[in-house]
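These notes concern the structure reproduced below.
This one's a predicted model, so the numbers in the text were calculated from it and none came from an experiment.
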Amino acid sequence: MARKKEFDISQAAYKAADVFRKKGFEGTSMQDLVDVLNLSRSSIYETFGNKKELYLVALDHYTNEVDDMTSVLYEDAPPRMVLDKFFDKIIEHNEKESCFMVQASLEMMTHLDVMDRISRNNLKREKAFLYLLERAVLDGVTENQNLSTLSKYLVNVTNGLSVTSRTTDKPTLHQIVKMSLYFLK
């Protein structure tokens, strides 16, 4: 009879995501994970398989956190207010550590399973931006431009802010957001 897991797998994944976010995949040792998760190596291997599989589970759990920020884009408020709130959350979220998704896209770009997760996340965010931009057209606060390209542009702005937020002061980041939203009246 298999022993029942005596730890919260979801909590372990969030803790692992924090380590991977700070140190990257290559920079994180199994000993780092043992120390942070307070689990034995055998428990980690039995539960997750190996470091890469734990990385993927951690990335999936991090995606849930990112999805919470993206859900702001569906709020029923003036589009400019929604975008300001969303970008405020992005800046705040990346104040201490850069985005795990952006780091993963840079460090693990040759790993198709990682890139697939990142692409799906970007597509979800792109769809949310498109939804908001379509509302903005209906509300008369922007012209009916190429909204699909504009939503991709906003995903790129988001990813750029995730990187620069570690080395740039908040007033400058907010100025970047303001300039990036030039298309709103």
Side-chain angles (χ1 to χ4, degrees), residues 10-11 13-24 36 55 57-109 114-115 117-185:
S10 182
Q11 191 63 24
Y14 281 114
K15 287 180 181 179
D18 192 49
V19 175
F20 288 126
R21 186 178 179 192
K22 289 176 182 166
K23 294 186 168 198
V36 168
Y55 184 86
V57 170
L59 194 57
D60 289 342
H61 277 75
Y62 183 82
T63 300
N64 294 335
E65 196 176 315
V66 171
D67 286 347
D68 286 345
M69 285 186 285
T70 300
S71 69
V72 166
L73 297 171
Y74 291 101
E75 289 183 3
D76 187 24
R80 177 60 187 245
M81 188 182 301
V82 171
L83 285 167
D84 285 340
K85 182 177 179 181
F86 171 78
F87 284 116
D88 284 347
K89 284 181 170 287
I90 293 296
I91 291 167
E92 182 181 322
H93 178 75
N94 292 292
E95 197 169 18
K96 294 180 185 141
E97 300 295 331
S98 293
C99 175
F100 185 20
M101 285 281 181
V102 171
Q103 287 179 350
S105 71
L106 297 172
E107 182 181 20
M108 305 291 279
M109 69 177 65
V114 173
M115 296 313 292
R117 284 165 167 82
I118 293 164
S119 293
R120 283 193 317 251
N121 181 69
N122 284 341
L123 185 58
K124 276 192 280 187
R125 193 165 275 166
E126 185 181 318
K127 286 179 180 179
F129 279 128
L130 184 58
Y131 168 81
L132 183 65
L133 292 171
E134 288 169 345
R135 276 193 36 232
V137 168
L138 292 174
D139 291 353
V141 295
T142 192
E143 295 175 13
N144 193 1
Q145 307 169 47
N146 185 339
L147 300 182
S148 177
T149 301
L150 196 51
S151 63
K152 288 174 177 52
Y153 165 75
L154 290 172
V155 169
N156 193 35
V157 170
T158 303
N159 292 339
L161 283 171
S162 296
V163 173
T164 58
S165 64
R166 296 275 294 129
T167 59
T168 307
D169 61 272
K170 276 187 178 183
T172 301
L173 294 171
H174 287 288
Q175 195 62 31
I176 291 168
V177 169
K178 183 178 178 184
M179 293 293 292
S180 298
L181 300 179
Y182 71 92
F183 56 87
L184 293 173
K185 295 177 185 172

Measure centre to centre between the rings of Tyr55 and Phe100, then say whether the value is under 6.0 Å.
yes
Nearest heavy-atom pair of Asn94 and Ser98: which atoms, and what distance?
OD1-C, 3.4 Å
Hey, do the aromatic rings of Phe129 and Tyr153 have their centres closer than 6.0 Å?
no
Distance-minimising heavy-atom pair for Leu133 and Leu147
CD1-O, 3.7 Å
Testing the basics here: between Ala13 and Ala58, what is the closest heavy-atom pair and its distance to 0.1 Å?
O-CB, 3.6 Å
Just wondering, do Leu181 and Asp84 contact through their side chains at under 4.5 Å, heavy atoms?
yes
Is any side-chain heavy atom of Asn122 closer than 4.5 Å to a side-chain heavy atom of Ile118?
yes
Step through it carefully: locate the ring centre of Phe20, locate the ring centre of His61, and say whether they are under 6.0 Å apart.
no
Atom pair CZ (Arg120) and OG1 (Thr63), whose distance is rounded to the nearest 0.5 Å:
8.0 Å
I want to check something: taking the side chain as every heavy atom from C-beta on, are Tyr131 and Ser151 in contact at a cut-off of under 4.5 Å?
no
Counting neighbours of CD on Glu65 that are heavy atoms of other residues, nucleotides or ligands and sit closer than 6.0 Å, is the number greater than 12?
yes
How close do His174 and Asp88 get, counting heavy atoms only, and between which atoms?
CE1-OD1, 2.7 Å
Please report the interatomic distance NZ(Lys170) to CD1(Ile91), rounded to the nearest 0.5 Å.
8.0 Å
Which heavy atom in Leu73 sits nearest to a heavy atom in Arg125, and how many Å separate them?
CD1-O, 4.4 Å
Answer yes or no: is there a side-chain heavy-atom contact under 4.5 Å between Leu154 and Leu132?
no
Side chains of Cys99 and Asn159 in contact at under 4.5 Å (non-hydrogen atoms):
no
Non-hydrogen side-chain atoms of Asp139 and Pro79 separated by less than 4.5 Å
yes
Are any non-hydrogen side-chain atoms of Tyr62 and Asn121 less than 4.5 angstrom apart?
no
Do other residues, nucleotides or ligands put more than 12 heavy atoms under 6.0 Å from Glu143 CD?
no
Any side-chain heavy atom of Met108 sitting closer than 4.5 Å to one from Met115?
no
Please report the closest heavy-atom contact between Phe86 and Thr70, naming both atoms and the distance.
CE1-CA, 4.1 Å
